[in-house]
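Throughout, numbering of the chain's residues begins at 1 and tracks the sequence.
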Amino acid sequence: MWTVEPGEHATVVHISGEIDMGSQPEFADAVSAGLDSAALVVILNLGEVAFLGSVGLRVLVQADYEAKQAGRQVRVVDGATIVHRVIEVTGLDQVLSLYPTIEDARSA
């Protein structure tokens, strides 16, 4: 499940549930909705995500790449311990811009 909170400076995409093979298309749609906004910053709030599989990581890396190519930023709120751990173990904490809260991501 996801919702988009548009903003002038930053658009926030709130995502909850599990991100696995079955939900990957919906997750990709959520991320695309954020990238389709006019804001220069897209914040992906994964604070309510209970599971993040490799297909979700691929979507995050692709979104980050696309945003950078367009001169924009993707910021990931990895407040859920499981999400932070998966991103850290895979080394993507060195690639993605991670923040503990939406407020931190907005003010960065």
Is there a continuous path of hydrophobic side-chain contacts, each under 4.5 Å between heavy atoms, that joins Val55 to Val61?
no

Kindly determine whether Leu57 and Leu92 satisfy side chain to side chain contact (heavy atoms under 4.5 Å, CB included), including the steps that lead there.
CA-CA 8 Å; Leu57 294 173; Leu92 290 177; 3.9 Å; yes

Within a strict 4.5 Å, meaning less than it, do heavy atoms of the Asp78 and Leu96 side chains meet?
no

Starting at NE2 of His9, measure out to OG of Ser107 and round the result to the nearest 0.5 Å.
9.0 Å

Set of residues satisfying side chain to side chain donor-acceptor pair (under 3.5 Å) with respect to Arg75, sequence neighbours excluded
Gln73

Indicate the atoms forming the closest heavy-atom contact of Val77 with Ala105, along with that distance.
CG2-CB, 4.0 Å

Measure across Gly34 and Val42 and return the closest heavy-atom pair with its distance rounded to 0.1 Å.
O-CG2, 3.3 Å

Given side chain to side chain contact (heavy atoms under 4.5 Å, CB included), test Val59 with Ile19 step by step and report yes or no.
CA-CA 10 Å; Val59 170; Ile19 302 170; over 6 Å; no

Quick check: do Asp64 and Val95 have side-chain heavy atoms less than 4.5 Å from each other?
yes

Side-chain contact test, heavy atoms from C-beta onward, threshold under 4.5 Å: evaluate it for Val4 versus Val12 and give yes or no.
no

Between Glu5 and Arg106, does any NZ, NE, NH1 or NH2 come within less than 4.0 Å of an OD or OE carboxylate oxygen?
yes

Distance, nearest 0.5 Å, that separates CG of Leu46 from CD1 of Ile87
6.5 Å

Under 3.5 Å donor-acceptor, Ser23 side chain and Glu26 backbone
no

Please report the shortest heavy-atom distance between Ala39 and Gly7, naming the atom on each side.
CB-O, 3.7 Å

As an exercise, state the distance from NE2 of His14 to CE of Met1, rounded to the nearest 0.5 Å.
13.5 Å

For Ser32 and Asp29, which I'm curious about, is there any donor-acceptor pair between the side chains at under 3.5 Å?
no

All heavy atoms of Gly22 vs all of Pro25, minimum pair found to be O-CD, 3.8 Å

Would you say the side chain of Val49 lies within less than 4.5 Å of the side chain of Ile82, judging by non-hydrogen atoms?
no

State which residues pass side chain to side chain contact (heavy atoms under 4.5 Å, CB included) with Glu18; sequence neighbours excluded, sorted by chain then number.
Asp20, Ala50, Phe51

Might you confirm whether atom CD of Glu48 has over 12 heavy atoms from other residues, nucleotides or ligands at distances under 6.0 Å?
no

Are Ile43 and Val13 packed together at the side-chain level, in the sense that at least one heavy-atom pair is separated by less than 4.5 angstrom?
no

What's the separation between atom CZ in Phe27 and atom CG in Leu44, rounded to the nearest 0.5 Å?
6.0 Å

Does some side-chain heavy atom of Val86 sit less than 4.5 Å from a side-chain heavy atom of Val89?
no

Could you check whether any side-chain heavy atom of Leu35 comes within less than 4.5 Å of a side-chain heavy atom of Val74, counting everything from C-beta outward?
yes

Answer whether the closest heavy-atom distance between the side chains of Arg72 and Glu66 falls below 4.5 Å.
no

